[in-house]
Amino acid sequence: MSAWSEARRAARERGDYAPLVALIPYARFLGMRVEPHEQRPRLRLPFRDSLVGNPRLPAWHGGVTAAFMENTALLHLLLQLDAQRMPKSIDFAIDYLLSGRPEDLYADCEITRLGSRVAQTQIRCWQSDPARPIAIARAHFLLSASE
Amino acid sequence: MSDPDFIDALRERYLALSPHMAECGMQVGALSADAAVLILPWREDWLGDSESGRINPGVITVLVDSAAGLAVLARVGQREPIATLDLRMDYLRPAFRGAAVHCRTSCFRLTQSIAFVRATVWQHDEEQPIASAQLVFMRSNAPRPGQAGAP
């Protein structure tokens with residue numbers, strides 16, 4: 001069984017998402033975690049000082065917030081689909097709504113459209129209150145041909 | 001036009017002031033009021049997928065956002081708080097392991113409140129970009145509506 005199927009099985013059957021995150025070295029570097037929440041996987045990025053962009057406020061580096069959201073979409077696609085390859089990023093657009101305070105980030109992703117080749121996703125990121133997102137984003141991914 | 005002393009100070013301090021840019025080991029390349037180049041040296045941590053050796057899109061976005069902020073400050077010509085309002089990336093070609101990633105950004109329009117920025121990202125050849133991006137920043141010290149000098 002491939003590392004991909006193995007990682008998906010660990011996530012789906014045992015709720016162990018670490019092998020899935022490990023498929024993306026950069027997501028592991030950021031420290032991303034997948035946590036089940038109300039029957040849906042939810043992504044969390046624990047705060048740490050080295051992810052700060054502006055130490056005066058202090059605030060998360062806006063690029064890190066974006067990177068977390070892009071990888072939320074990637075992990076969501078890996079979990080939902082049966083791809084044996086990493087989906088390829090086509091584009092990504094983010095609107096920043098609030099400054100990221102020095103607390104954990106959370107995100108979830110919705111696949112708005114799943115075609116045979118392209119997936120359109122919408123991602124939301126928040127901190128203490130899910131009703132007050134700090135950023136919203138959308139991204140297109142090219143899916144690998146079925147094998 | 002920016003004061004050359006300010007550009008030198010920006011070159012010295014911009015990366016050190018931001019814990020995350022420092023952690024990533026970014027380096028400032030060419031810098032003027034018209035354009036800024038920021039370089040991200042290669043690290044295995046940037047991989048999106050060990051099997052294919054492709055770089056993760058997220059770390060490219062981190063580089064672009066960092067470089068765009070530098071271009072805005074260089075154009076403004078003084079230290080002031082700025083905040084990214086939006087950012088759009090187009091991933092034109094895959095980026096692969098082993099080579100540094102370069103980003104050239106330019107603030108092509110600056111108003112009292114807003115800065116508009118374009119960015120190009122490449123590894124080996126600037127003419128073969130791996131990504132292009134467009135960003136909008138808010139100048140946080142700009143006068144608010146109702147204050148003298150608005151909008």
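Order of the sequence lines fixes the chain letters, A, B, ..., with proteins taken first and strands second; residue numbering starts at 1 for each chain.
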Task: Pairs of heavy atoms under 4.5 Å with chain B: top-ranked of A:A93, A:P58, A:S89 - done: A:S89

TODO: Fit a plane to each ring of B:H20 and A:F29, take the angle between them on a 0 to 90° scale, and name the class: parallel (under 30°), tilted (30 to 60°) or perpendicular (over 60°).
DONE: tilted

Open item on the list: What's the separation between atom CG in A:D91 and atom OH in B:Y91, rounded to the nearest 0.5 Å?
Closed with: 8.5 Å

- [ ] Quick one: pull up NE2 in A:H140 and CG in B:D90 and give me the separation to the nearest 0.5 Å.
- [x] 11.0 Å

TODO: Search all heavy atoms of A:P25 against all heavy atoms of B:S50 and return the closest pair with its distance.
DONE: CG-OG, 3.5 Å

Open item on the list: Other residues, nucleotides and ligands only: do more than 12 of their heavy atoms fall within 6.0 Å of CZ on B:R79?
Closed with: no

Open item on the list: Check for me, please, whether A:L81 and A:L78 land in the same ILVMFWY cluster - side-chain distances under 4.5 Å, paths through other members count.
Closed with: yes

TODO: Spell out, yes or no, whether A:L77 and A:L79 are grouped together once hydrophobic residues are joined by side-chain heavy atoms under 4.5 Å, including indirect joins.
DONE: yes

Open item on the list: Return the CG to OH distance between B:L85 and A:Y96, rounded to the nearest 0.5 Å.
Closed with: 10.5 Å

Open item on the list: For residues A:L98 and A:I123: do they belong to one hydrophobic cluster (side chain heavy atoms under 4.5 Å, members Ile, Leu, Val, Met, Phe, Trp, Tyr)?
Closed with: yes

Task: Interatomic spacing from NE2 in A:H61 to CD in B:E23 - rounded to 0.5 Å - done: 11.0 Å

Task: Close side-chain approach of B:P19 and A:V52, heavy atoms under 4.5 Å - done: yes

- [ ] Check B:I55, B:N56, B:L47 against A:Y26 for a side-chain contact (heavy atoms from CB on, under 4.5 Å) and give me the one that passes.
- [x] B:N56

TODO: Drop me the distance from B:L17's CG to A:R56's CZ, to the nearest 0.5 angstrom.
DONE: 7.5 Å

TODO: Could you have a look at A:A59, A:P55, A:S50, A:A135 and say which one has the most heavy-atom pairs with chain B under 4.5 angstrom?
DONE: A:S50

Task: When A:I94, A:D95, A:I24 are compared by non-hydrogen pairs under 4.5 Å with chain B, the top option - done: A:I94

- [ ] Spell out, yes or no, whether A:Y106 and A:L75 are grouped together once hydrophobic residues are joined by side-chain heavy atoms under 4.5 Å, including indirect joins.
- [x] no

Open item on the list: Please identify, among B:D49, B:T61, B:L87, the residue contributing the most non-hydrogen atom pairs under 4.5 Å to chain A.
Closed with: B:L87

- [ ] Could you look at A:L74 and say if it's the side chain, the backbone, both or neither that has a heavy atom under 4.5 Å from chain B?
- [x] side chain

Open item on the list: Tell me whether the count of non-hydrogen atoms from other residues, nucleotides or ligands lying under 6.0 Å of CZ in B:R13 goes above 12.
Closed with: no

Task: chain B contact via A:L51 - side chain, backbone, both or neither, heavy atoms under 4.5 Å - done: both

TODO: Look at the side-chain heavy atoms of Ile, Leu, Val, Met, Phe, Trp and Tyr, link any pair under 4.5 Å apart, and say whether A:W126 and A:V64 land in one connected group.
DONE: no

Open item on the list: Please identify, among B:R88, B:M138, B:E51, B:E44, the residue contributing the most non-hydrogen atom pairs under 4.5 Å to chain A.
Closed with: B:R88

Task: Heavy atoms of other groups near B:R109 CZ, more than 12 under 6.0 Å - done: no

Task: Exam field: side chain B:D65 to backbone A:G63, donor-acceptor pair closer than 3.5 Å - done: yes

